[in-house]
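Note: hydrogens, waters and symmetry copies are ignored here, and every other heavy atom, side chains too, is used.
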Amino acid sequence: MSYAIAGFGAVGQALARMFARKGIEVAVASRRQPEALAPQATVIGPTIVPKTLKDALEADIVLLAVPYGEHREVAKARANWKGKIVIDVTNSLDDLGGVPSSSVVARALPGAQLVKAFNHLPARVLAEDPAINGARRVVFLSSDHESASATVATLVERLGYAPVNLGKIAEGGQLVQARDGIWGPLIFQDLFKKVQ
Ligand SMILES: NC(=O)c1ccc[n+]([C@@H]2O[C@H](COP(=O)([O-])OP(=O)(O)OC[C@H]3O[C@@H](n4cnc5c(N)ncnc54)[C@H](OP(=O)(O)O)[C@@H]3O)[C@@H](O)[C@H]2O)c1
């Protein structure tokens, strides 16, 4: 399984730290050339590999960490999204007519299997070690694709977090979406699960 993070700002770098902590290779990309991302990637760790956006999007699993409005530009950077797993880390407080923002993102990526995750916590918290006092920080998952959700749950566990599946995006997943300019009730809830 190969991984890439599209967007290397506050959240993209926090996600990169998760992969670096576990020694897992991950490509990172933005609109800038890879050389421009290299100094920060080097600071984070040797498994963080800057690439062009086009090359990064070859990965099996792409974590989308760009501003919400930019998802369409990322979508255009790849001709075919069929079979790709996209982890949507974006948030939007825009009025989308009651449609969850992740459903809008999913529509822009035809054929991709979208799983919402890692969006409910601030970047500075995401950058922290997720194991505290024998417990693991919870990451909520929601998706309309069960098998993709299971694959992402495995990654979330490998990264040291406790996955909690909320179900479909327009059902349990609404708890981690914004609606009518108001954050869902699980956004900013920094929860921990005891290791059994
Ligand atoms: N900040 C938080 O605490 C937080 C927490 C959870 C979720 N989120 C969500 O995560 C997303 C990113 O937030 P952020 O705070 O990390 O934003 P940010 O610091 O502004 O970083 C955005 C990154 O996206 C890149 N980018 C912008 N347009 C792009 C495009 N078309 N193609 C490729 N890369 C592009 C930017 O790099 P270039 O300018 O070099 O292209 C930059 O690296 C947002 O949707 C936000 O709602 C944020």
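A 4.5 Å side-chain heavy-atom check between Arg17 and Asp129 finds every atom pair outside the cut-off. Inter-residue side-chain proximity for Arg78 and Lys84 is flagged as met; some heavy-atom pair is nearer than 4.5 Å. Taking the side chain as every heavy atom from C-beta outward, Asp88 and Val115 never approach each other to under 4.5 Å. Looking only at side-chain heavy atoms (C-beta outward), Val176 and Trp183 stay at 4.5 Å or farther from each other. Looking at heavy atoms from C-beta onward, Pro130 lies in side-chain contact with Arg21 at the 4.5 angstrom threshold. Residues Val28 and Val49 form no side-chain contact, since every pair of their non-hydrogen atoms from C-beta on lies 4.5 Å or further apart. You'll find the side chain of Asn119 stays beyond 4.5 Å of the side chain of Thr90, heavy atoms only. The shortest distance between side-chain heavy atoms of Ser101 and Asn91 does not fall below 4.5 Å.
Nearest heavy atom pair, residue Ala75 against residue Ala108, reads CB-O, 3.3 Å.
Using a 3.5 Å distance cut-off with no hydrogens or angles, the side chains of Gln113 and Ser143 do not pair a donor with an acceptor. Between the side chains of Lys116 and Ser142, no donor-acceptor pair is found at a separation under 3.5 Å. There is a side-chain donor-acceptor pair under 3.5 Å between Ser102 and Gln177.
Between Lys168 and Asp144 there is no salt bridge, since no side-chain N of the basic residue sits under 4.0 Å from a carboxylate O of the acidic one. Salt bridge annotation for Arg137-Glu128: present, with a cationic side-chain nitrogen under 4.0 angstrom from a carboxylate oxygen.
At least one donor-acceptor pair under 3.5 Å links the side chain of Asp95 to the backbone N or O of Gly97.
The environment of Gln189 atom CD is dense: over 12 non-hydrogen atoms of other residues, nucleotides or ligands sit within 6.0 angstrom.
For an aromatic pair to be called close, the ring centres must be under 6.0 Å apart, and Phe118 with Phe140 fails this.
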